[in-house]
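Written below as structure tokens is the structure these notes are about.
The residues of the chain are indexed from 1 along the displayed sequence.
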Amino acid sequence: MIRDKSAKKPAKDAPKKNGAKKAAPAKASEAKTPEAKPSEVEALAGKSEGPKGIIAVAPPSFRRERALIKRGVWPVAGCDEAGRGPLAGPVVAAAVILDPNRIPRGIDDSKRLTVEEREKLFDKICASAQVSVVVASPARIDRDNILRASLWALKRAVVALPETPRHVFVDGRDRLDTECDCEAVIGGDGIVLSIAAASIVAKVTRDRLMCALAQDCPGYGFEQHKGYAVPEHLDALDRLGPSIHHRRFFAPVAAARAKHMPWTVEPVQDLFSVTEVEMEVEAGVEAGASTGL
């Protein structure tokens with residue numbers, strides 16, 4: 001029997017009956033696919049759409065001081081210096097004992113604050129805390145080197161406090177030779193609140209001193225760069241030569257001193273030079289040794 005296959009063929013314009021059945025599984029498969037979390041999307045995309053280079057920096061805290069207070073250790077001081085790097089002016093050290101009940105708000109590392117913020121906090125700290133300041137002159141820096149002069153000033157600032165502390169926090173890696181316990185904290189001006197307060201006092205005091213030195217030695221721009229080795233200062237140093245407030249053995253100052261005041265530069269003795277007398281003595285010793293053989 002021959003069947004007519006054309007009867008089972010659908011018309012060209014007729015809708016396909018299996019179209020809906022095939023579409024349903026496709027939707028089901030899409031529904032089973034889990035949605036990516038935003039964090040995963042950012043990770044896959046490399047976070048190219050989000051902000052870059054934003055780092056949250058926590059302000060210094062009074063946590064370490066309070067831990068000592070709970071153990072019965074008080075007073076606790078923080079100390080820091082300003083002015084190790086400049087080519088001119090003194091290095092200024094400050095020590096501060098904060099009153100736990102009268103801590104000014106906004107204390108932070110002096111480098112993170114504006115000039116106006118530092119000035120306001122300086123007045124508040126001096127009005128509510130025990131403060132001492134010691135200055136190491138350029139002459140002392142030339143004699144002892146900058147590190148020893150800084151440590152000397154820091155120690156003297158601790159001794160000069162109205163009340164003798166039982167514990168001292170100092171910024172940096174070098175401990176102070178004090179009678180009380182001393183703890184060195186690297187980056188302490190951004191960690192320990194007492195050190196941050198001392199950094200503000202030292203910075204404001206030194207900036208004011210440099211503005212005063214600018215009136216005594218005009219032309220160098222001390223009131224602007226505070227003695228640091230910025231291009232304007234280096235240009236003035238090359239034109240005018242060093243002043244009495246410059247640190248003699250810092251390299252740019254020594255170069256300017258050799259240019260403008262060469263008679264102040266001591267000649268360096270050549271350790272490998274040999275005089276004629278020494279050569280004659282050595283020759284005589286060698287001749288005597290050969291004769292003895």
Side-chain angles (χ1 to χ4, degrees), residues 55-69 73 75-86 89-100 102-136 141 146-161 165 167-178 180-210 225-228:
I55 301 176
V57 179
S61 69
F62 201 64
R63 180 177 56 83
R64 300 195 186 197
E65 293 92 336
R66 290 197 186 279
L68 290 170
I69 294 173
V73 179
V76 179
C79 55
D80 196 8
E81 48 73 29
R84 280 199 187 188
V91 59
V92 177
V96 174
I97 298 176
L98 290 172
D99 184 345
R102 300 174 61 198
I103 299 177
R105 292 186 177 182
I107 294 178
D108 203 342
D109 178 1
S110 62
K111 297 184 290 295
R112 301 176 188 165
L113 302 172
T114 64
V115 176
E116 293 76 14
E117 290 172 336
R118 287 197 298 263
E119 289 285 346
K120 292 179 180 179
L121 285 169
F122 176 88
D123 295 335
K124 293 179 180 179
I125 293 169
C126 292
S128 61
Q130 301 182 49
V131 178
S132 66
V133 177
V134 173
V135 175
I141 296 172
I146 185 60
L147 176 59
R148 291 180 181 177
S150 300
L151 296 177
W152 174 86
L154 287 166
K155 178 180 178 180
R156 295 301 303 170
V158 172
V159 174
L161 283 167
H167 192 96
V168 175
F169 292 106
V170 60
D171 182 41
R173 62 178 70 252
D174 298 303
R175 295 175 57 190
L176 304 178
D177 184 18
T178 56
C180 63
D181 293 334
C182 181
E183 183 177 348
V185 183
I186 298 176
D189 47 5
I191 300 173
V192 182
L193 200 65
S194 297
I195 298 179
S199 74
I200 294 172
V201 173
K203 175 63 175 172
V204 173
T205 302
R206 188 179 186 280
D207 285 354
R208 293 178 179 179
L209 285 173
M210 294 307 297
H225 50 68
K226 307 303 185 293
Y228 284 88

Heavy-atom pair of closest approach, residues [X] and [Y]:
X: A136; Y: A149; value: CB-O, 3.8 Å
X: A129; Y: V96; value: CB-CG1, 3.9 Å
X: A94; Y: A157; value: C-CB, 4.2 Å
X: V91; Y: R84; value: CG2-N, 4.3 Å
X: P165; Y: A77; value: CB-CB, 3.9 Å
X: G78; Y: A198; value: O-CB, 3.5 Å

Worked verdict on D207 versus F122 for side-chain contact (heavy atoms from CB on, under 4.5 Å): CA-CA 12 Å; D207 285 354; F122 176 88; over 6 Å; no

Within a strict 4.5 Å, meaning less than it, do heavy atoms of the [X] and [Y] side chains meet?
X: K124; Y: R102; result: no
X: V170; Y: T178; result: no
X: K155; Y: C182; result: no

For [X], I'd like to know if atom [atom1] has over 12 heavy atoms of other residues, nucleotides or ligands within 6.0 Å.
X: R148; atom1: CZ; value: no
X: R175; atom1: CZ; value: no
X: R112; atom1: CZ; value: yes

Rounded distance [0.5 Å steps], [atom1] in [X] versus [atom2] in [Y]:
X: L121; Y: I200; atom1: CG; atom2: CD1; value: 4.5 Å
X: D109; Y: I191; atom1: CG; atom2: CD1; value: 10.0 Å
X: I103; Y: F62; atom1: CD1; atom2: CZ; value: 4.0 Å
X: R63; Y: L193; atom1: CZ; atom2: CG; value: 12.0 Å
X: C79; Y: D171; atom1: SG; atom2: CG; value: 8.5 Å
X: L113; Y: K203; atom1: CG; atom2: NZ; value: 11.0 Å

Qualifying residue, where the test is side chain to side chain contact (heavy atoms under 4.5 Å, CB included) with I97 and the options are L161, V158, V76: L161

statement: Checking V133, D80, V201 against V92 for side chain to side chain contact (heavy atoms under 4.5 Å, CB included), the one that qualifies is V133

- prompt: Are the side chain of R118 and the backbone of V204 linked by a donor-acceptor contact shorter than 3.5 Å?
  reply: no

- request: Could you tell me whether a side-chain N or O of R206 sits under 3.5 Å from a main-chain N or O of K226, the two making a donor and an acceptor?
  value: yes

query: Between K111 and D189, does at least one N-O distance fall below 4.0 Å, as a salt bridge requires?
result: yes

task: Quick one: do D108 and E117 satisfy side-chain contact (heavy atoms from CB on, under 4.5 Å)? Show the steps, please.
output: CA-CA 10 Å; D108 203 342; E117 290 172 336; over 6 Å; no

message: Applying side-chain contact (heavy atoms from CB on, under 4.5 Å) to V168 and C180, what does each step give before you reach the verdict?
response: CA-CA 7 Å; V168 175; C180 63; 3.4 Å; yes

- request: Examine the side chains of S150 and E81 and answer whether a donor and an acceptor come within less than 3.5 Å of each other.
  value: no

